[in-house]
Amino acid sequence: MYALVDCNNFFVSCERTLDSSLENKPVVVLSNNDGCVVSRSKEAKDLGIPMAAPAFKYKELFRKYDVKSFSAKFELYNFKSQQVIEIARSYVLEYETYSIDELFLDLTGFKYINLYDYCLEIRNKIQKETSIPVSIGIAPTKTLCKVANRIVKDFPEKFNGVYIMDTPEKIEKALRWLNIGDVWGIGRKLTAKMNDSGVYKAWDLLQKPEMWVRKVMGIHGVRMINELKGIRQLELDSPSPKKSIAVTRSFMEMLMKKDEVRERVETFGMYCSERLRKQNTCCKMVTVFVQTNRFRKDLPEYRNAMTKVLPNPTNSSIIIGRVVNELFEAIFKEGFHYKKAGVIVNDFVPEDQRLISLFEEDTQNQHLPVMKAMDAMNKKYGKDKVRLGSMSGENTFGRAQLSPEYEAFLKNNTLTEANFRFH
DNA sequence: TCTGGGGTCCTAGGACCC
DNA sequence: TCTGGGGTCCTAGGACCC
């Protein structure tokens with residue numbers, strides 16, 4: 001069996017830990033620029049505020065019902081998330097953090113204890129020590145855990161925060177009740193397709209022939225029906241390194257001038273390279289996109305994106321900046337009101353492979369002295385024993401040309417041993 | 001006036017190679 | 001007019017998740 005621990009109205013619950021007077025009151029948390037509602041308390045949901053609602057449309061309602069609203073504080077949320085995870089994981093051997101407010105626990109092998117009582121204890125401990133209320137759904141597969149969790153949330157009086165779905169009878173009852181669109185992995189498009197074919201409840205999907213499911217949903221669908229039947233298809237994933245990094249923003253006001261948009265896009269590129277360096281990886285692909293305001297039907301719409309595969313992996317802000325600029329030049333068109341843009345980097349390799357790429361990119365032979373120095377160090381200490389350290393406090397050469405140390409270094413053509421790391 | 005910001009995975013098709 | 005069979009890499013787009 002697996003258990004899914006899911007924090008209730010997570011961002012709102014975090015805000016409540018700072019201010020207990022928010023208990024039992026309608027509260028919402030808003031996204032960047034206070035644009036959208038990204039978390040709602042139960043009271044706010046009861047007022048009919050939908051998820052992702054644009055805040056400006058509900059200003060009047062907020063005022064009328066005295067809804068407290070907060071700008072998102074992601075540092076706080078990350079911190080509280082860690083606390084919850086620490087407690088929950090201490091009860092099991094294997095677990096998977098699925099998102100900022102959810103984690104799966106592996107209860108396989110817990111044969112001689114009462115899983116319900118065990119999870120209730122986890123829940124109470126989290127509540128007591130972090131003040132974050134959680135719901136726990138227990139079932140044989142991840143997909144069914146999601147269902148069980150949903151049941152806990154929909155019937156709070158009945159289940160006291162924990163529901164265990166451990167018999168075929170319970171599973172059937174749940175699936176006959178659950179709308180197809182609420183199944184994990186079925187989104188808006190598929191819901192419409194399903195309804196067209198007479199599938200309204202999760203249970204209905206299981207009555208369809210496997211070939212049909214395969215055709216409509218692809219390989220995903222086959223896995224899903226098995227999961228719903230209680231046959232495990234999805235294992236717990238160990239935390240894996242990221243596969244892409246995206247920095248995208250909507251602008252406060254629409255931008256028409258090329259240089260204004262360029263400036264933002266360049267900044268996004270810088271953030272990407274910073275994050276790459278933080279996790280000691282380099283990327284092989286860079287994507288830039290721009291788009292106009294999709295809600296302004298009165299203005300011409302334009303959106304475009306372009307990807308470049310780099311000849312060599314890098315995390316240098318200079319090289320990435322250059323690529324970002326190149327792509328931006330290719331996709332930017334004059335005469336549109338731009339509202340959103342972003343840079344995405346992906347296809348990562350470990351940072352060790354970066355130096356080579358830097359030298360290969362070195363068209364002006366700026367780094368020739370460095371290569372010579374590297375050679376000398378290699379001879380002296382043996383290959384693979386030395387590595388270039390940071391030149392300027394920045395963990396990359398790409399930036400180094402901005403630093404006085406680096407300029408001095410280029411002038412004198414000297415590199416001291418202090419610039420090297422040994423391992 | 002004001003409409004988020006991350007991520008993952010899958011598929012199909014084109015270009016190119018042998 | 002007929003018109004291989006693989007393979008890889010890359011791109012674009014769609015669908016989903018929180």
> In residues 293-302 of chain A, which residues come under 4.0 Å of DNA chain B by heavy atom?
Replying inline: A:Arg294, A:Phe295, A:Arg296
> Taking A:Ser81 for the side chain and A:Ile100 for the main chain, is one N or O donor matched with an acceptor at less than 3.5 Å?
Replying inline: yes
> Going by heavy atoms closer than 4.0 Å, what residues in residues 241-261 of chain A are next to DNA chain B?
Replying inline: A:Lys242, A:Lys243, A:Ser244, A:Ile245, A:Ala246, A:Val247, A:Thr248, A:Arg249, A:Ser250
> What residues, two or more places apart in sequence or in another chain, satisfy side-chain contact (heavy atoms from CB on, under 4.5 Å) together with A:Arg150?
Replying inline: A:Asp154, A:Trp177, A:Leu178, A:Asp182
> Below 4.5 Å, heavy atoms only, C-beta onward: do A:Pro300 and A:Thr292 meet side chain to side chain?
Replying inline: no
> Counting N and O atoms only, with roles assigned by atom type, does the side chain of A:Ser197 sit under 3.5 Å from a partner on the main chain of A:Val199, one being a donor and the other an acceptor?
Replying inline: no
>> Only Watson-Crick and G-U wobble pairs with both distances less than 3.5 Å should count. Give DNA chain B in dot-bracket notation, marking inter-strand partners with |.
In response: ....||||||||||||||
> Rounding to the closest angstrom, what is the interatomic distance between B:dG14 and C:dG4 at atom P?
Replying inline: 16 Å
> Taking it one step at a time, do A:Lys45 and A:Asn9 satisfy side-chain hydrogen bond (donor to acceptor under 3.5 Å, both in side chains)?
Replying inline: CA-CA 10 Å; A:Lys45 289 175 191 169; A:Asn9 322 321; 2.9 Å; yes
Output side-chain donor-acceptor pairs under 3.5 Å for residues 246-256 of chain A, partner residues at least two apart or in another chain, one line each.
none

>> Looking at A:Lys73, is its backbone amide N or carbonyl O close enough to the side chain of A:Tyr77 to form a donor-acceptor pair, meaning the two atoms are under 3.5 Å apart?
In response: yes
> So, the side chain of A:Asp34 versus the backbone of A:Leu30: is there a donor-acceptor pair under 3.5 Å, distance only?
Replying inline: no
>> Strictly by ring pair (Phe, Tyr, Trp, His ring centres under 6.0 Å), give each pair with a member in residues 30-62 of chain A just once, sequence neighbours left out.
In response: none
Cut-off 3.5 Å, no hydrogens considered: what does the side-chain donor-acceptor table look like for residues 231-244 of chain A, sequence neighbours left out?
| unit_1 | atom_1 | unit_2 | atom_2 | d |
| --- | --- | --- | --- | --- |
| A:Arg232 | NE | A:Pro140 | O | 3.2 |
| A:Arg232 | NH1 | A:Tyr2 | OH | 3.2 |

> What class does the angle between the rings of A:Tyr302 and A:Phe336 fall in, given that below 30° is parallel, 30 to 60° is tilted and above 60° is perpendicular?
Replying inline: parallel
> Taking only residues at least two apart or on different chains, which pairs with a member in residues 186-216 of chain A satisfy ring pair (Phe, Tyr, Trp, His ring centres under 6.0 Å)?
Replying inline: none
> Excluding sequence neighbours, so at least two apart, what forms side-chain contact (heavy atoms from CB on, under 4.5 Å) with A:Arg16?
Replying inline: A:Val12, A:Leu22, A:Glu23, A:Val27, A:Ser41, A:Glu43
> Within the structure, does a side-chain N or O atom of A:Lys339 lie under 4.0 Å from either OP1 or OP2 of B:dT3?
Replying inline: yes
>> Using the rule given for side-chain contact (heavy atoms from CB on, under 4.5 Å), can you reason through A:Arg40 versus A:Leu47, listing the C-alpha separation, both sets of side-chain angles and the distance that settles it, and then say yes or no?
In response: CA-CA 10 Å; A:Arg40 306 157 295 158; A:Leu47 286 173; over 6 Å; no
>> Keeping A:Lys308 on the side-chain end and A:Leu327 on the backbone end, is there a donor-acceptor pair under 3.5 Å?
In response: no
>> Counting primed atoms plus P, OP1 and OP2 as sugar-phosphate and everything else as base, spell out the protein contacts along nucleotides 11-18 of chain C at 4.0 Å heavy-atom distance: B, S or - for each nucleotide, 5' to 3'.
In response: S---SSSS
> In residues 52-65 of chain A, what residues come within less than 4.0 Å of DNA chain B, judged by heavy atoms?
Replying inline: A:Pro54, A:Phe56
> Under a 4.0 Å heavy-atom cut-off, which of residues 204-235 of chain A touch DNA chain C?
Replying inline: none
>> Could you tell me how far C:dC18 sits from B:dT3 if I compare only their P atoms? Round to whole Å.
In response: 25 Å
> Is it true that a side-chain atom of A:Lys189 and a backbone atom of A:Ile186 form a donor plus acceptor pair closer than 3.5 Å?
Replying inline: no
> In whole angstroms, how far is the C1' atom of B:dG7 from the CD1 atom of A:Ile344?
Replying inline: 10 Å
> Is there a side-chain contact (heavy atoms from CB on, under 4.5 Å) between A:Lys193 and A:Met217 once you walk through the steps?
Replying inline: CA-CA 10 Å; A:Lys193 252 194 223 173; A:Met217 301 179 57; over 6 Å; no
>> Could you check whether atom NZ of A:Lys284 has more than 12 heavy atoms from other residues, nucleotides or ligands sitting under 6.0 Å from it?
In response: no
